[in-house]
Amino acid sequence: MDKMWSGRFSAGASNLLDQFNASIMYDRKLYREDIEGSLAHASMLAKQGILTTEELREIVDGLNQVRNEIESGEFEWKISDEDLHMGIEKRLTAIIGDTGKKLHTARSRNDQVAVDFRRYVLRKNLEIVDALKLLMNEVVVVADLHTETLIPGMTHLQHAQPINFAFHLGAYLSMFKRDIARFEDSYKRNNISPLGCAALAGTPHNVDREMTADILGFDSVSVNCLDTVSDRDFALEILFNISTMMMHISRLSEELVMWSSYEFGFVELSDEYSTGSSIMPQKKNPDVPELLRGKTGRVYGSLMGLLTVMKGLPLAYNKDTQEDKEGVFDAVETAEISLEILKEAIKTMEVKAKNMESACAIGHLSATDLADYLVEKCAIPFREAHFITGRAVAKGEELNVDLSKMEYKYLKEIDERINEDVMEFLGLRHSMNARTSEGGTASIRTKEQLEYFKKYLQGAK
Ligand code: ARG
């Protein structure tokens, strides 16, 4: 009967219930946030005359000792304490005596856990932003070297138009920049203090919520206590933000997997970030991007899990909500290691520019350029130009030559309005560099895009 809430009970909890009910084995991760929250709360209680200065001092010293014990590994985490809030408060009271029992005045575990978990999530939003920027920096370094490297641009995974490799990487830079904006928005939107909401309805004690919000780095105080103690939108947001980021990472990973195959041969992942096969001695497997692709599924699972936990919950706090943490911890840790390892894999991979360029010589990548030529130079309507180009492609297939290498005489045979200057238009590099519209692949445009990302990474918006 050593439970903090045991007053109204006559029999102790079963071991089975302890196991089932406890969150302490995972919410202990929030110990720093919990102790900081308690320190802020105690300072406020003292300022409001609810605790004496002497009591505050005892509580502060006691909490600091608890923190030291946790950090040195001395602290005993017990399932029977149920959660970290009670584990820490119990230890505080064991150290400083009855004054420890005053700390929970004007507070409930409901606002306490909302403070701890929200602050953890807020911090992680910002840490992930930093990690994303480091990854983007590495992508920019590779992109900078390849603004002239041709690679087949694809739609439907079929060769479509020649682009350059930096432009291709720039697409991922755009995605990562949007991801960052999402993490930053979530941080701003959710930086609101739950402390002082107590169990659900606020407290009759004369608390100063502004003061604790300020100490804990929140921008403001929440408006409605009933909402605040049951709101887990901030957790759903980080799960969605991570899911979307992982979706982007999985797309890049899929390309890395393909590109490192013999069939593509566009990149070779470094030995450090590749693995071997236990049976086939020749194998060098792209486990890193494969795992990144796979872990994306697991992160989606956490998002779906929490959405489902929250669905239909009546107001306000319900124990179901305790299921909010493990999925978030797992997703956050997955995001952190994923960003780190993807950055290293990109930094150390070899880009096989020659193979990228030779791949462009298959698939008639400059077909659209021939159609554009017919429109521009021969005043042929685009639909007709499209048809004529189709015939040129068919001829190429018949002769087994790529359009970019087809002899002029065959083109003239197809449509006699075609002049010799067409040959320039069919060159692959010309094709890439012709796409000078804003955001296009032309090397000069790609360089502008890289400048934009570099400026952004240096702190401009
Ligand atoms: N361990 C709980 C959780 O993570 C803390 C809040 C418990 N509140 C309560 N009234 N049982 O949600």
Side-chain angles (χ1 to χ4, degrees), residues 1-9 12-38 40-41 66 70 75-93 101 103-124 190 193-203 212 216 222 225-236 238-239 302 305-332:
M1 288 294 280
D2 62 348
K3 296 266 188 270
M4 288 192 157
W5 40 252
S6 64
R8 62 105 69 209
F9 289 80
S14 78
N15 272 338
L16 188 59
L17 173 78
D18 278 352
Q19 299 271 348
F20 187 63
N21 200 31
S23 54
I24 197 163
M25 297 329 273
Y26 52 85
D27 66 17
R28 52 193 269 194
K29 207 183 275 299
L30 302 173
Y31 80 89
R32 242 183 288 135
E33 283 81 6
D34 196 70
I35 289 176
E36 285 165 6
S38 290
H41 183 65
V66 174
I70 293 174
F75 191 92
E76 214 192 317
W77 297 100
K78 282 189 262 162
I79 285 265
S80 57
D81 283 342
E82 193 177 317
D83 57 29
L84 94 155
H85 320 294
M86 291 198 285
I88 289 176
E89 192 187 320
K90 213 159 143 201
R91 179 67 192 132
L92 172 73
T93 304
K101 296 181 181 167
L103 174 63
H104 213 49
T105 314
R107 185 174 75 170
S108 151
R109 276 185 297 152
N110 297 351
D111 60 344
Q112 193 175 356
V113 73
V115 168
D116 295 0
F117 193 36
R118 187 177 285 256
R119 287 186 70 232
Y120 166 87
V121 166
L122 289 170
R123 174 161 63 86
K124 290 299 174 186
N190 295 302
S193 176
L195 198 52
C197 282
L200 71 160
T203 168
T212 46
L216 294 172
S222 70
C225 293
L226 196 61
D227 167 49
T228 310
V229 290
S230 66
D231 169 27
R232 293 295 180 272
D233 295 2
F234 61 93
L236 289 166
I238 200 168
L239 287 172
S302 297
L306 185 55
L307 278 169
T308 312
V309 166
M310 295 307 294
K311 178 184 175 296
L313 280 189
L315 290 172
Y317 179 85
N318 296 272
K319 190 73 173 209
D320 315 44
T321 319
Q322 179 168 288
E323 292 294 314
D324 58 359
K325 287 172 213 59
E326 285 164 293
V328 169
F329 291 153
D330 185 73
V332 163

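Bear in mind that the values here come from a model prediction, so they are computed numbers and not experimental data. Numbering of ligands and ligand atoms starts at 1, following listing order.
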Inset, instruction - Would you indicate whether K319, at its atom NZ, is surrounded by more than 12 heavy atoms from other residues, nucleotides or ligands within a distance under 6.0 Å? - result: yes

Inset, instruction - Would you please classify the geometry between the Y120 ring and the F117 ring as parallel, tilted or perpendicular, with 30° and 60° separating the classes? - result: parallel

What's the shortest distance from [atom] to any protein heavy atom, and which residue and atom give it?
atom: atom 5 (C) of ligand 1; result: D83 OD2, 3.4 Å
atom: atom 11 (N) of ligand 1; result: R109 NH2, 3.4 Å
atom: atom 1 (N) of ligand 1; result: Q322 OE1, 2.7 Å
atom: atom 8 (N) of ligand 1; result: N110 OD1, 2.9 Å
atom: atom 7 (C) of ligand 1; result: Y317 OH, 3.5 Å

Legend entry - N or O pair under 3.5 Å between S23 and ligand 1: yes

Legend entry - F117 and ligand 1 - part of the residue with a heavy-atom distance under 4.0 Å: neither

Legend entry - Proximity of K325 to ligand 1 by residue part, where a heavy atom lies under 4.0 Å: side chain

Legend entry - Reference residue S38; test side-chain contact (heavy atoms from CB on, under 4.5 Å); the match among R107, H85, H104: R107

For [Y], is there an ion pair with [X] - N to carboxylate O distance below 4.0 angstrom?
X: D27; Y: K325; result: no
X: R119; Y: E36; result: yes
X: E33; Y: R118; result: no

